[in-house]
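Each remark here refers to the structure printed beneath this line.
Quick note on labels: first sequence line is chain A, next is B, and so on, each numbered from 1. Just so it is clear, the model here is predicted, and its values are computed rather than measured. No hydrogens, no waters, no symmetry mates; every other heavy atom, side chains included, goes into these values.
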2 protein chains.
Amino acid sequence: MAAAAQVVHRQGAERTTIADIARAADVPVGNVYYYFKTKDELVKAALAEHAHQLELLTGELDRLGDPRERLKRLVETWVSQRDVAVRYGCPTGTLASELDKRDEGGLDEEAGRVIRLLVDWVAGQFAQLGQPDPEGLALTLVGAYQGMSLLANALRDPTVMTRQGERLLGWLGSLPDPLATDGPPAGDSPPGEGR
Amino acid sequence: MAAAAQVVHRQGAERTTIADIARAADVPVGNVYYYFKTKDELVKAALAEHAHQLELLTGELDRLGDPRERLKRLVETWVSQRDVAVRYGCPTGTLASELDKRDEGGLDEEAGRVIRLLVDWVAGQFAQLGQPDPEGLALTLVGAYQGMSLLANALRDPTVMTRQGERLLGWLGSLPDPLATDGPPAGDSPPGEGR
DNA sequence: GTCTATATATAGATAGAC
DNA sequence: GTCTATCTATATATAGAC
């Protein structure tokens, strides 16, 4: 499953052959079919692997006390993984984009569910911050991540990740804190202008 | 070329066969090879077609007097095409994402160039608005578009496009106008909160 | 320049020895 | 449960008649 996740991320689902995954896992091709009946099941396994990684990450972040701090740390994690994003894009996002082109097999919905996991977790953080539209804010944050990953990848430019990451951190810092009694810590700052 | 652009957008480059494109163009398969030596050349033609459509759009928008109005109209155009984005994603973005998985052929750079066209045009508008970091703002706006398209597509939810579009319009409206002598028209408004 | 028939390569999947 | 050999289907690409 780990080999499938990595190879599918790097080569894309369609360009990845069973032989590629078998080689990465150092097993003969025929052996793969003992555990996965079809190639689609291997892709599904890769998706599950990405979902697992995501759960590990959010589990770590949940140990932080402040929801705002959790979101900031999430953004910092994205930026820290910029090199792989520049070369291959976001693992879940690029896979979802590819699978959504299909109209049979149901793998597209599977990919959507993994994206949902992230959006829902982020929305939960915004809700804890007392924000009025946590789902909308979550779509904004996750959408910004998907967009900057795609642009960094397409333009082969890691500074897209660092620059947009800075902007997101500034935005998160500017959100009013409902727990504070004496107003927000700093003035609002629109995206791209947060300096 | 039009058939190639449409079919490749809908099915993805890898899943599209020459026969698919030939059928869409209503010509026999063998005939395709008289004009395009390889499948990669067909994909390149699809990219060129998308670049052409983009130039038509920016050409239209250039006829508007105000750069801010041009950007707002651009966002409105994206939102108006939400149904196709929900089903197949952004034509250029999804294609770039797919082609960037390759490490030979140079088609990935070709896709990056088309994205660049859009980013550069948007940056030009921000520059005309007197903004300090037009390139950064352009990456923010185009990134937001790519992100909301991917999420709308993965979650099969058109309201992602309308909601995020509203947010972007609010943001564009809140940018200070350097041509005005009596300060910005309204207070700043961070993304997702612009209401 | 258009079209049919076909060659060639490769990938998904299976059979069956071990 | 592991592995080799092979079947079968399909897609790119070409040959050659018209």
How long is the line joining [atom1] of [X] and [atom2] of [N], in whole Å?
X        : N       : atom1 : atom2 : answer
Arg15(A) : dA9(C)  : CZ    : P     : 18 Å
Ile18(B) : dA7(C)  : CD1   : P     : 20 Å
Asp40(A) : dA11(C) : CG    : P     : 17 Å
Glu14(A) : dT10(D) : CD    : P     : 15 Å
Tyr33(B) : dT6(C)  : OH    : C1'   : 13 Å
Tyr35(B) : dT12(D) : OH    : C1'   : 20 Å
Glu41(B) : dT12(D) : CD    : P     : 14 Å

Would you say Tyr34(A) places a side-chain N or O within less than 4.0 Å of OP1 or OP2 belonging to dG1(D)? yes
Could you work out, with salt bridge (charged side-chain N to carboxylate O under 4.0 Å, His left out) as the rule, every residue matching Asp83(A), not counting sequence neighbours? none
Nearest to the Lys39(A) side chain among dT2(D), dA13(C), dT14(D), which nucleotide is it? dA13(C)
Find which nucleotide of DNA chain C each of Lys37(A) and Thr17(A) is nearest to by heavy atoms, and output the residue with the more 5' nucleotide. Thr17(A)
Is it the case that more than 12 heavy atoms not belonging to Lys44(B) sit under 6.0 Å from its NZ atom? no
For the residue pair Ser97(A) / Glu98(B), report whether a side-chain donor-acceptor contact shorter than 3.5 Å exists. no
Run the side-chain hydrogen bond (donor to acceptor under 3.5 Å, both in side chains) check on Asp40(A) and Thr38(A) step by step: do they pass? CA-CA 5 Å; Asp40(A) 275 11; Thr38(A) 65; 5.5 Å; no
Do Leu137(B) and Leu169(A) sit in one hydrophobic cluster, given that two such residues count as connected whenever their side-chain heavy atoms are within less than 4.5 Å of each other, even indirectly? yes
Can I get a per-line list of side-chain donor-acceptor pairs under 3.5 Å for residues 71-82 of chain B, giving both atom names and the distance, sequence neighbours left out?
from	atom 1	to	atom 2	distance (Å)
Thr77(B)	OG1	Arg73(B)	O	2.8
Ser80(B)	OG	Thr77(B)	O	2.7
Arg82(B)	NH1	Val79(B)	O	3.0

Listed pairs, N/O of protein and of nucleotides 3-9 of chain D, under 3.5 Å:
from	atom 1	to	atom 2	distance (Å)
dC3(D)	OP2	Asn31(A)	ND2	3.2

